[in-house]
Q: 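For reference, the structure I am asking about is given below.
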There are 2 protein chains.
Amino acid sequence: MNSKDAVTCLAALAHDQRLAIFRLLVREGPSGLPAGEIAEAIGATPTGASFHLKELDRAGLIHATRVGRYIRYAAHFDKIRQMLTFLTEDCCQGQPELCGSTIKKARKLCKGETK
Amino acid sequence: MNSKDAVTCLAALAHDQRLAIFRLLVREGPSGLPAGEIAEAIGATPTGASFHLKELDRAGLIHATRVGRYIRYAAHFDKIRQMLTFLTEDCCQGQPELCGSTIKKARKLCKGETK
DNA sequence: ATAATAGTACAACAACTATTGAAATATGCA
DNA sequence: TGCATATTTCAATAGTTGTTGTACTATTAT
């Protein structure tokens, strides 16, 4: 991930409805949801939802798959990881004890961490 | 952290120079850097740097402290953690094995994780 | 084939954001 | 006090992004 790429991701997320879509799809997991269900869930018009889904897709944070007459969207977890990593790379010059009480906690995002 | 707050943070980061400032200050740690040094490091004019620093400050991602005639800016690590947590909350409905190969890795952001 | 459903594309307009240069403020030093 | 340094503020302009409604395309079922 480079800076331009990261800016595209961040700009895609920097909108109320798109952030809601993103978080919905992160919660939903790899199977995703069809566009209509997403639109309804966040209270957007079909046109609006389509526009925002396209933005998120363009940034690579989600991806679309046609299934019959539905188009399912799902979070692209690898890209998400890349973006989060990019944001906090080399934090505190490799001495995480400096921000220990803060960034560390962010790693408890998903449970199940073993090491 | 709520959605509005998160959108403000993400919008603040969704700019090439501001992202560069943010990453510089994350690397730098709690002591931060004076505005002029930041401007020089990212190749911005004093006016431009000031504008972008203000945006990041307004979002709560960094904070300013006057030290003599310098103004030092430092990352606000607690806010950063809150934002990262907000983005990936309840991922995969609490079954991280679904995205296990991806999000987990993002937790290796800072080394020094012990548990 | 035709109609119904799911979703996208386009165009016009409004709203917001970034950039620039010049002027202002704050602090420290001679 | 007066000058230099560090940084911010302001105003004008240019550029980008979001919203809305209408029209279009793709798929399925009758």
Side-chain angles (χ1 to χ4, degrees), chain A residues 3-25 28 31-76, chain B residues 3-25 28 31-76:
Chain A
S3 176
K4 190 166 164 246
D5 211 5
V7 166
T8 304
C9 286
L10 291 162
L13 291 172
H15 181 283
D16 193 54
Q17 290 192 128
R18 286 199 295 267
L19 182 56
I21 291 172
F22 174 83
R23 300 217 311 147
L24 176 64
L25 293 179
E28 196 60 29
S31 56
L33 290 171
E37 214 167 306
I38 295 169
E40 196 188 12
I42 66 158
T45 60
T47 299
S50 179
F51 173 77
H52 294 309
L53 286 164
K54 194 182 60 188
E55 279 311 281
L56 289 165
D57 188 313
R58 205 167 54 82
L61 291 166
I62 66 176
H63 54 91
T65 322
R66 185 176 276 277
V67 180
R69 71 178 122 175
Y70 300 88
I71 296 178
R72 290 190 86 88
Y73 285 91
H76 187 180
Chain B
S3 175
K4 189 166 166 248
D5 211 7
V7 166
T8 304
C9 287
L10 292 161
L13 293 171
H15 180 283
D16 193 54
Q17 289 191 130
R18 286 199 296 267
L19 183 56
I21 291 172
F22 174 84
R23 301 216 312 147
L24 176 63
L25 293 179
E28 197 59 30
S31 57
L33 290 171
E37 213 166 306
I38 295 168
E40 196 189 11
I42 67 158
T45 61
T47 299
S50 178
F51 173 77
H52 294 310
L53 286 164
K54 196 182 59 188
E55 278 314 278
L56 288 165
D57 188 312
R58 205 167 53 82
L61 290 167
I62 67 176
H63 54 90
T65 321
R66 184 177 277 277
V67 179
R69 72 179 122 171
Y70 300 87
I71 295 178
R72 289 191 86 88
Y73 285 91
H76 186 181

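We name chains A, B, ... by the order of the sequence lines, and we start the count at 1 in each one.
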Q: Quick check on C:dT8: is either OP1 or OP2 less than 4.0 Å from any side-chain nitrogen or oxygen of A:Y73?
A: yes

Q: Could you measure the distance from the CD1 atom of A:I42 to the CG atom of A:D16? Nearest 0.5 Å is fine.
A: 8.5 Å

Q: Roughly how far apart are B:I62 CD1 and B:E55 CD, rounded to 0.5 Å?
A: 10.0 Å

Q: Would you mind reading off the distance between B:I42 atom CD1 and C:dT19 atom P, rounded to a whole angstrom?
A: 10 Å

Q: Sequence neighbours excluded, which residues qualify as salt bridge (charged side-chain N to carboxylate O under 4.0 Å, His left out) partners of B:E28?
A: none

Q: Give me the atom names and distance for the closest heavy-atom approach of B:L19 to A:A6.
A: CD2-CB, 3.7 Å

Q: Can you tell me the distance, in whole Å, between the CG atom of B:D16 and the C1' atom of D:dT16?
A: 16 Å

Q: Report the distance from atom CZ of B:R18 to atom CG of B:L56, rounding to the nearest 0.5 Å.
A: 6.5 Å

Q: In Å, rounded to the nearest 0.5 Å, how long is the span from SG of B:C9 to NZ of B:K4?
A: 12.0 Å

Q: Just to be sure I understand the geometry, which residues of residues 3-11 of chain A put a non-hydrogen atom under 4.0 Å away from DNA chain D?
A: none

Q: Looking at B:A39 and B:A49, what are the two nearest heavy atoms and their distance?
A: CB-CB, 3.6 Å

Q: Taking the side chain as every heavy atom from C-beta outward, state whether B:D57 and B:L53 have any atom pair closer than 4.5 Å.
A: no

Q: Contact between B:E37 and B:Y73 at the side-chain level, heavy atoms closer than 4.5 Å - yes or no?
A: no

Q: Below 30° counts as parallel, above 60° as perpendicular, anything between as tilted: where do the rings of A:H15 and A:H52 land?
A: tilted

Q: Would you mind reporting whether B:L61 and B:H76 have side-chain heavy atoms less than 4.5 Å apart?
A: no

Q: Quick check: do A:L13 and B:V7 have side-chain heavy atoms less than 4.5 Å from each other?
A: no

Q: When we call it a touch if two heavy atoms are under 4.0 Å apart, what does B:R72 touch: a base, just sugar-phosphate, or nothing?
A: nothing

Q: 5'-most contact on DNA chain D: A:A14 or B:E37, nearest heavy atom basis?
A: B:E37

Q: Starting from C1' on D:dA6, measure out to CD1 on B:I38 and report it in whole angstrom.
A: 13 Å

Q: Rounded to the nearest Å, what distance is computed from the OH atom of residue A:Y70 to the P atom of nucleotide C:dT5?
A: 11 Å

Q: Short of 4.0 Å, heavy atom to strand atom, which residues of residues 55-64 of chain B count as contacting DNA chain C?
A: none

Q: Using the test side chain to side chain donor-acceptor pair (under 3.5 Å), find all partners of A:R23 that sit at least two apart in sequence or belong to another chain.
A: B:E89

Q: Specify the residues of residues 43-52 of chain B, ordered by number, for which at least one heavy atom lies under 4.0 angstrom from an atom of DNA chain C.
A: B:T47, B:F51, B:H52

Q: Kindly give the atom pairs (protein nitrogen or oxygen, nucleotide nitrogen or oxygen) under 3.5 Å for nucleotides 24-29 of chain C.
A:
none

Q: Taking the side chain of B:H15 as its heavy atoms from C-beta onward, which of D:dT7, D:dG18, C:dA18 lies nearest to it?
A: C:dA18

Q: Just how far, in rounded Å, is C1' of D:dG18 from CD1 of A:I21?
A: 13 Å

Q: Round to the nearest Å and state the distance from A:I71 atom CD1 to D:dA26 atom P.
A: 11 Å

Q: Could you grab the distance from atom CZ of A:R72 to atom CG of A:L25, nearest 0.5 Å is fine?
A: 10.0 Å

